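What follows is one structure encoded as structure tokens, with my remarks underneath.
For clarity, every value in this text was computed on a predicted model and none was experimentally measured. In what follows, every heavy atom counts, from backbone to side chain, and hydrogens, waters and symmetry copies are set aside.
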Amino acid sequence: MPELPEVETVARGLQGSVAGRRIVSVILRKVDFIDDPSAMERELPGKRIARVERFGKFMLLRLTKDADGNAHAMGSIALNGNSEALLVHLGMTGNLAPHHAEQPLAKHTHVTFALDDGRELRYIDPRRFGRMAYLSGKTLAAELQRFGADPLLVTPEEFATRIRGSKARIKAQLLDQSVLRGVGNIYADESLWKAKIHPARAGPSLTLNDVVRLRKELQKILLKAIEMRGSSISDFVDAEGLAGDYQQHHKVYGRDGKKCFRCGAKIKWTVVAGRSSHFCPVCQRAPRGNASRRKKTKRRGPVGTSKR
DNA sequence: CTCGATCCCTGGACGC
DNA sequence: TGCGTCCAGGGATCGA
């Protein structure tokens, strides 16, 4: 569930709380979500967390092997091929945050990084849909290259090219991390509603106007969500243990059956491109031939236990 | 090329 | 109350 705004929020928190710290030791427990566990055990101890960035839905803990603790050494990350980083994807339920070492381990604590100030950076993830990987040099560069443009940085031209570059439906395009990195189900639905575009529209069927609008609304929504520290549905909390507030601003996500804030029609729920999708059937006109393909009549599970 | 289906995993919600 | 079942989510993968 953590998407771009949530990951950005966590990354900023960690940048403030653990950047500059050195990793003293690593303890791995469950490792089935780690690319190469032994590489983590081998490479991480002794490395300094130079800074924490967001990359799509990943957090990138940039690492350096400078020996001293001088803060000014932090500024210079190797810009050559020597870069190394710990990639962390929070999946659905991942949480990466510093803890006091004496604090008892929470259930599902799979990784512990002991830091040089006595604290522990702990990764907790009940469902283990997350991913963790130590990568460096060309391997790191190649991994990052798999992903598309950052939705906050992408130009209108590139956005248009990417989003219309496939016959896939717009919902699928928005969620495809090789097209755009960082957009997930919530912000896809929210931005499509705001831009009045039906999720089942084919990418190439979008007009230039559609695409320009969609980019602008997506960016506005993402920025607003970052400002509010993300959406806390289910149990998302950031690196300080704080919940986000953006879920209170959702216009369609999790609002099926409720009234559209724009026109009053009932928000519909359906499956588009294999994912649950929320939209207004009046504001967001269905494409021709979108004969309600597979209506899921049955009751859905909890769409989030947001405390509204 | 794009699609749906399936798996991964746990816990929370729901039905009985 | 307790147990079984369903389902969310992102991403990989496989076959149609």
Side-chain angles (χ1 to χ4, degrees), chain A residues 1-7 10 29-36 54-59 87-96 106-111 123-133 143-144 146-148 151 162-190 199-206 230-237 244 246-247 250 252-256 269-278 287 289-308:
Chain A
M1 164 331 277
E3 305 179 25
L4 188 153
E6 292 77 31
V7 179
V10 175
R29 297 178 188 86
K30 285 242 164 67
V31 298
D32 55 359
F33 60 97
I34 299 174
D35 283 26
D36 182 353
R54 176 188 61 76
F55 186 88
K57 294 179 196 172
F58 284 88
M59 279 184 295
L87 249 71
V88 180
H89 194 301
L90 299 174
M92 276 283 293
T93 51
N95 178 273
L96 184 67
K107 205 177 170 187
H108 307 297
T109 303
H110 306 309
V111 180
Y123 182 71
I124 305 168
D125 188 359
R127 295 185 197 176
R128 305 207 298 285
F129 267 33
R131 177 186 165 201
M132 199 174 278
E143 177 63 21
L144 299 184
R146 296 173 46 221
F147 297 92
R162 287 181 168 277
I163 222 72
R164 302 175 66 187
S166 152
K167 286 177 195 152
R169 289 176 281 184
I170 182 61
K171 177 68 183 272
Q173 286 294 91
L174 285 172
L175 294 179
D176 186 336
Q177 300 299 296
S178 71
V179 175
L180 289 177
R181 57 179 198 255
V183 180
N185 210 28
I186 296 175
Y187 299 100
D189 281 3
E190 292 295 312
R201 293 265 301 278
S205 81
L206 298 194
S231 299
S232 285
I233 57 176
S234 76
D235 44 14
F236 169 77
V237 289
Y246 191 73
Q247 68 279 6
H250 291 175
V252 283
Y253 186 85
R255 294 196 67 247
D256 33 315
W269 178 90
T270 185
V271 173
V272 177
R275 309 223 76 94
S276 71
S277 298
H278 314 73
N290 185 49
S292 48
R293 37 199 73 222
R294 49 170 323 207
K295 213 146 285 164
K296 262 215 181 164
T297 26
K298 256 348 320 164
R299 152 151 331 286
R300 308 160 38 236
V303 130
T305 35
S306 69
K307 343 90 217 246
R308 274 191 215 192

Practice prompt. Quick one: do D125(A) and H108(A) satisfy side-chain hydrogen bond (donor to acceptor under 3.5 Å, both in side chains)? Show the steps, please.
Written response: CA-CA 6 Å; D125(A) 188 359; H108(A) 307 297; over 6 Å; no

Establish, with yes or no, whether the OP1 or OP2 oxygen of [N] is under 4.0 angstrom from a side-chain nitrogen or oxygen of [X].
| X | N | result |
| --- | --- | --- |
| K107(A) | dG11(B) | yes |
| R146(A) | dG11(C) | no |
| R127(A) | dG11(B) | no |
| T93(A) | dG9(C) | no |
| Q177(A) | dG10(C) | no |
| K57(A) | dG11(C) | yes |
| Y253(A) | dG9(C) | yes |
| R275(A) | dA5(B) | no |

Whole Å only: how far is the [atom1] atom of [X] from the [atom2] atom of [N]?
| X | N | atom1 | atom2 | value |
| --- | --- | --- | --- | --- |
| D189(A) | dG10(C) | CG | P | 10 Å |
| M92(A) | dC7(B) | CE | C1' | 15 Å |
| I170(A) | dT2(B) | CD1 | P | 13 Å |
| F58(A) | dG10(C) | CZ | P | 13 Å |
| K167(A) | dT2(B) | NZ | C1' | 9 Å |
| L175(A) | dG4(B) | CG | C1' | 15 Å |
| R128(A) | dA12(C) | CZ | C1' | 17 Å |
| Q173(A) | dC3(B) | CD | C1' | 13 Å |

Proximal nucleotide (of [options]) relative to the [X] side chain:
| X | options | answer |
| --- | --- | --- |
| A168(A) | dT2(B), dC9(B), dG4(B) | dT2(B) |
| H108(A) | dA8(C), dG11(B), dG10(C) | dG11(B) |
| E3(A) | dT10(B), dC3(B), dG10(C) | dG10(C) |
| H89(A) | dG4(B), dC9(B), dG11(C) | dG11(C) |
| W269(A) | dT2(B), dG9(C), dA8(C) | dA8(C) |
| N185(A) | dA12(C), dT10(B), dG10(C) | dG10(C) |

Whether [X] side chain and [Y] backbone form a donor-acceptor pair below 3.5 Å:
| X | Y | value |
| --- | --- | --- |
| E3(A) | Y187(A) | yes |
| K57(A) | G91(A) | no |
| Q177(A) | G148(A) | no |
| D189(A) | Y253(A) | no |

Fill in: Note, R201(A) side chain near R169(A) side chain (heavy atom, < 4.5 Å)
no

Practice prompt. Can you label the angle between the Y123(A) ring and the H110(A) ring as parallel, tilted or perpendicular, going by 30° and 60°?
Written response: tilted

Discussion item. What's D32(A) touching, base or sugar-phosphate or nothing? Going by heavy atoms closer than 4.0 Å.
Written reply: sugar-phosphate

Practice prompt. Just call it for G184(A): base, sugar-phosphate, or nothing, with non-hydrogen atoms closer than 4.0 Å on any strand.
Written response: sugar-phosphate

Worksheet entry | Derivation of the side-chain contact (heavy atoms from CB on, under 4.5 Å) call for R131(A) and F33(A) | CA-CA 5 Å; R131(A) 177 186 165 201; F33(A) 60 97; 5.5 Å; no

Item to complete: Check whether the side chain of R131(A) and the base of dG11(C) form a donor-acceptor pair under 3.5 Å.
Response: no

Fill in: Nearest heavy atoms of I124(A) and A106(A), plus distance in Å
CD1-CB, 3.9 Å

Fill in: Global bending angle along the helix from dT2(B)-dA16(C) to dC16(B)-dG2(C), which compares the axes of five pairs at either end, to 10 degrees
50°

